[in-house]
Engineer: 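Dumping the structure here so I can ask a few things about it.
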Number of protein chains: 2
Amino acid sequence: MINFKELLKEHGIPPSLQRIKILEYLHNFKTHPTADMVYQALMDEIPTLSKTTVYNTLKTFTEKGILVALSIFENEVRYEYNTEPHIHFKCFKCGRIYDISKTFECLKNEEIEGHKVLEHHINLKGICKNCLVKAGA
Amino acid sequence: MINFKELLKEHGIPPSLQRIKILEYLHNFKTHPTADMVYQALMDEIPTLSKTTVYNTLKTFTEKGILVALSIFENEVRYEYNTEPHIHFKCFKCGRIYDISKTFECLKNEEIEGHKVLEHHINLKGICKNCLVKAGA
DNA sequence: TTACTAATTTGTAACGGTTACAAATTAATA
DNA sequence: TATTAATTTGTAACCGTTACAAATTAGTAA
Ligand SMILES: [Mn+2]
Ligand SMILES: [Mn+2]
Ligand SMILES: [Zn+2]
Ligand SMILES: [Zn+2]
């Protein structure tokens, strides 16, 4: 059981109620949500919550390395709790994003063609397991 | 020398002046431009050009497989002429996108964890060769 | 407690990339 | 030519995001 209040303090972020709840949500639900999805999910629990707070908090967490921002979709940013490196699969039909546990050591290469690599993102796209079954039926 | 008029016909797209020029630009300049960059670049040559036409045309070309849409940046879509598979490196400092000639046969795998893979995008991020030199100086 | 100050949150307006849509223009057909 | 279809254009709207000032809350010192 993670103490989110402590985790925030460790990253130098004063643990307000909003920040704790947002972090908690990203940790518990591995659905790669957008800022709006986080907002919608927490509205009931924190009725006064502002969407701006969600945006600001997600940005802060990402800068501090607690979260990772994903650019799989064209128009919107998705967030996830920063865990072990893995790659993503996005379904063209249902839009879901799946975690694929596959690592590419060769991309951790500090240098490639003279450029210094700090991050690498691998995004697969296609038809997911579930949608394949539906289509086949 | 490519005959863009013929190329469009082969893809079932009637070759208007606008469509030819937009395709020509994407083929000649491998800068992974946004829709707006294409628009700005062609304004002089086609003074009546509308930004909507650029957006529509890029979309059509992508659907027909002539172009590829990239989601490396958070907010905007980048386009490139569909050539041999390669990966991308985006510089955090200057924002340039570099082509890296490295292929991953293992990702061409039709199936991964039950999902059918149709596309794969590999995006590296860091500090590019040029910016490293400037920082070191 | 109270008064004061700093940090945080909130709500609204604005921004930027993109899309919807109808009017205008151009091309194709009879 | 007249008529029709395809294409382009311009404008307004959409949507995710950000800027910013006001409101609220938390922290501190009498
Ligand atoms: Mn993930
Ligand atoms: Mn490229
Ligand atoms: Zn699916
Ligand atoms: Zn650079």
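Lettering follows sequence order; numbering is per chain, from 1.
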Engineer: Quick one: closest heavy-atom pair of Cys91(A) and Ile127(A), and the distance?
Structural biologist: SG-CA, 4.1 Å
Engineer: On the nucleotide dT10(C), are OP1 or OP2 found under 4.0 Å from the side-chain N or O atoms that Thr53(A) carries?
Structural biologist: yes
Engineer: For the pair made of CG in Leu70(B) and P in dG17(C), what is the distance, rounded to whole Å?
Structural biologist: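 One finds 17 Å between P of dG17(C) and CG of Leu70(B), rounded.
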Engineer: In whole angstrom, give the distance that lies between atom NZ of Lys5(B) and atom C1' of dA27(C).
Structural biologist: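 Interatomic distance, NZ of Lys5(B) to C1' of dA27(C): 13 Å.
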Engineer: Tell me yes or no: between the side chains of Glu63(B) and His11(B), is some donor less than 3.5 Å from an acceptor?
Structural biologist: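 There is no such pair between these side chains.
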Engineer: Within this structure, what is the NZ-to-P distance between Lys21(B) and dT8(D), rounded to whole angstrom?
Structural biologist: 14 Å
Engineer: Which of these nucleotides, dT9(D), dT18(C), dG11(C), is closest to any side-chain atom of Ser50(B)?
Structural biologist: dT9(D)
Engineer: Can you find a side chain N or O atom of Tyr55(B) that sits less than 4.0 Å from OP1 or OP2 on dT18(C)?
Structural biologist: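 The answer is yes; a side-chain N or O of Tyr55(B) sits under 4.0 Å from OP1 or OP2.
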Engineer: Quickly work out the Tyr39(A) OH to dG16(D) C1' distance and round it to whole Å.
Structural biologist: 14 Å
Engineer: Taking DNA chain C as the partner, which of residues 8-20 of chain B come within under 4.0 angstrom of it by heavy atom?
Structural biologist: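 Listed by number, there are none.
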Engineer: Which whole-number value in Å describes the distance from Ile72(B) CD1 to dG17(C) P?
Structural biologist: 17 Å
Engineer: Lys51(B) NZ to dT11(D) P: how many Å, rounded?
Structural biologist: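 Computing the Lys51(B):NZ to dT11(D):P distance gives 13 Å.
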Engineer: Can you find a pair of side-chain heavy atoms, one from Lys125(B) and one from His120(A), that are under 4.5 Å apart?
Structural biologist: no
Engineer: Can Ile66(A) be reached from Met37(A) by stepping across I, L, V, M, F, W or Y side chains whose heavy atoms are under 4.5 Å apart?
Structural biologist: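 Met37(A) and Ile66(A): separate clusters.
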Engineer: Should Val68(A) and Ile22(A) be counted in the same cluster of Ile, Leu, Val, Met, Phe, Trp and Tyr side chains packed under 4.5 Å apart?
Structural biologist: no
Engineer: How large an angle, rounded to 10°, do the end axes of the helix from dT1(C)-dA30(D) to dA30(C)-dT1(D) enclose when each is built from five base pairs?
Structural biologist: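 That helix gives 10° between its end axes.
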Engineer: Taking atom types as modelled, is there a side-chain donor on Glu80(A) or His27(A) under 3.5 Å from an acceptor on the other?
Structural biologist: no
Engineer: Any luck finding a side-chain donor-acceptor pair between His121(B) and Asn123(A) under 3.5 Å?
Structural biologist: no
Engineer: NA contact type, Thr48(B), heavy-atom cut-off 4.0 Å: base, sugar-phosphate, or nothing?
Structural biologist: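 Counting heavy atoms under 4.0 Å across all strands, the contact made by Thr48(B) is with sugar-phosphate only.
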Engineer: Test of understanding: clusters of I, L, V, M, F, W, Y form through side-chain heavy atoms closer than 4.5 Å, transitively. Do Tyr25(A) and Leu7(A) belong to the same one?
Structural biologist: yes
Engineer: Using whole Å, what does the distance between atom C1' of nucleotide dC15(D) and atom CE of Met37(A) come to?
Structural biologist: 13 Å
Engineer: Just the rounded figure in Å: distance from C1' of dC15(D) to CD of Glu76(A).
Structural biologist: 10 Å
Engineer: Walk me through it: do Asp99(B) and Lys30(B) pass the test salt bridge (charged side-chain N to carboxylate O under 4.0 Å, His left out)?
Structural biologist: CA-CA 9 Å; Asp99(B) 285 331; Lys30(B) 312 288 187 184; over 6 Å; no
